[in-house]
Amino acid sequence: MTYDALGPGALDYLPCRYGNSKLLFRGPRRDLDAPYLAFIGGTETYGKFIGQPFPAQVEKTIGTTCANFGFPNAGIDAFAHDPFVVNAAVKAKITVIQVLGTQNMTNRFYTVHPRRNDRFVSASQLLSTIYREVDFADFHFNKHMLNRLMLVSPDRFATVRTELQQAWLARMRLMLGQIKGKTILLWLSDHAPQSCDENDDQNLGTDPLFVTREMMDEISPYATKVVEVVASPEAISAGTTGMVFSQMEAMAAAQMMGPGAHAEAADMLIEAINRLV
């Protein structure tokens, strides 16, 4: 069993489980017998280093229980293959689904850990054939592996990127199709979705990774509403101000969305939710 070590200044996420899910969610645990909204997503939805992430802020404002099913570094696979999460979303009044990057999913080229989706497990025979000169035993994380493949051959990497994008579209259609109730697709980033021409292969640090405007347009009809939150310059320039982390977590915290971006996301979600209820 794995525990998050709480060093000086670290945030206690009150981790909890729901039903038969194998995922450990942020607490405190919410009562799912009462009417509730479900929030599905990755590190931002979970609220890493954030005392009051946007699901908690929405709950405080609208007065309806908001169940946070965010999971750090999750891809779509963590939720699409979790019967509990899908069932909880079906029963929710509204489900908010954060747009996640394409890299943390099992696809034709590589397999990821079923729960810790950012962990690289193995390359397929197809990928090993395309990149014969690469030793895939060197990799433990998907982004590390993808960075290496891009550097070895940008031309061959275009095939990998296309596969990730197609797998993402198929997986999003599957998940949204399973949720029969109202859904809000949430884009939360420091930039708006870019077109295929603008989305640069050379930058693997921009999340949601490889999700383009065209992909958002294709998947949007499967959701009740789309909310695009682009963090303001003020929220970005605040850096880690207001975040809670230990000294050992400082580097990781600097890569995360801060409290300002969460407040902006909460405001836009509250407006959208009020229009749907």
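Every heavy atom of this structure was used, including side-chain atoms; hydrogens, water molecules and symmetry mates were not.
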_R119 and H140, any side-chain heavy atoms less than 4.5 Å apart_ = no
*H81: partners by ring pair (Phe, Tyr, Trp, His ring centres under 6.0 Å), with sequence neighbours left out*: none
*Answer whether the closest heavy-atom distance between the side chains of E264 and S232 falls below 4.5 Å.*
yes
_Ignoring hydrogens, what is the shortest heavy-atom contact between V112 and Q103? Give both atom names and the distance._
CG1-O, 4.4 Å
*asked:* Starting from F245, can I reach M256 by hopping between I/L/V/M/F/W/Y residues whose side chains sit under 4.5 Å apart?
replied: yes
_Heavy-atom donor-acceptor pair, S21 side chain to Y18 backbone, under 3.5 Å_ = no
*Answer yes or no: is there a side-chain heavy-atom contact under 4.5 Å between L188 and V99?*
no
*Closest heavy-atom pair and its distance - D31, T65*: O-CG2, 4.0 Å
*Answer yes if F71 and M257 sit in the same cluster of Ile, Leu, Val, Met, Phe, Trp and Tyr residues linked by side chain heavy atoms under 4.5 Å apart, and no otherwise.*
no
*Does a donor on one side chain sit under 3.5 Å from an acceptor on the other, for S195 and E214?*
no
*Same apolar cluster (I L V M F W Y, side chains within < 4.5 Å links), V96/L185*: no
_Is a donor from one side chain sitting under 3.5 angstrom from an acceptor on the other, for D118 and N104?_
no
*Pair K225 + E271, salt bridge at N-O below 4.0 Å*: no
_Looking at every non-hydrogen atom in both residues, tell me the closest pair between H262 and P53 and how far apart they are._
ND1-CA, 3.4 Å
_Reported CG-to-CG distance for the pair N68 and L37, which is rounded to 0.5 angstrom_ = 12.0 Å
*Might you point out which heavy atoms bring G27 and C16 nearest each other, and give the distance in Å?*
CA-SG, 3.9 Å
*Flag yes if I184 and W187 sit in one hydrophobic cluster, no otherwise; membership is Ile, Leu, Val, Met, Phe, Trp, Tyr, and two members link when side-chain heavy atoms are under 4.5 Å apart.*
no
*Give me the ring orientation class for F69 and F25: parallel if the planes are under 30° apart, tilted from 30 to 60°, perpendicular past 60°.*
perpendicular
*For residues Q165 and T162, is any side-chain donor paired with an opposing acceptor at under 3.5 Å?*
no
_Testing the basics here: between A231 and I236, what is the closest heavy-atom pair and its distance to 0.1 Å?_
O-CD1, 3.6 Å
_Can you tell me how far apart SG (C66) and NZ (K60) are? Round to the nearest 0.5 Å._
13.0 Å
*Would you please indicate if the ring centroids of Y13 and Y46 are separated by under 6.0 Å?*
yes
*Quick one: pull up CG in D33 and NZ in K91 and give me the separation to the nearest 0.5 Å.*
9.0 Å
*Looking at side-chain heavy atoms only, is the closest gap between W168 and M105 below 4.5 Å?*
yes
*Inspect the contact between K143 and D207 and indicate whether a charged nitrogen and a carboxylate oxygen are less than 4.0 angstrom apart.*
yes
*Give me the one residue out of E163, M215, Q166, R171 that meets side chain to side chain contact (heavy atoms under 4.5 Å, CB included) with T102.*
M215
*For T212 against P193, the heavy-atom pair lying closest together*: C-CB, 4.3 Å
*Is there a path from F120 to F210 through hydrophobic residues (I, L, V, M, F, W, Y) whose side chains come within less than 4.5 Å of each other?*
yes
*Are side-chain heavy atoms of I50 and K48 found at a separation under 4.5 Å?*
no
*Atom CG of L186 and atom CD1 of I40: how far apart are they, to the nearest 0.5 Å?*
12.0 Å
*Below 4.5 Å, heavy atoms only, C-beta onward: do L146 and Y110 meet side chain to side chain?*
yes
*Around F136, counting heavy atoms of other residues, nucleotides and ligands shown, do more than 12 lie under 6.0 Å from its CZ?*
yes
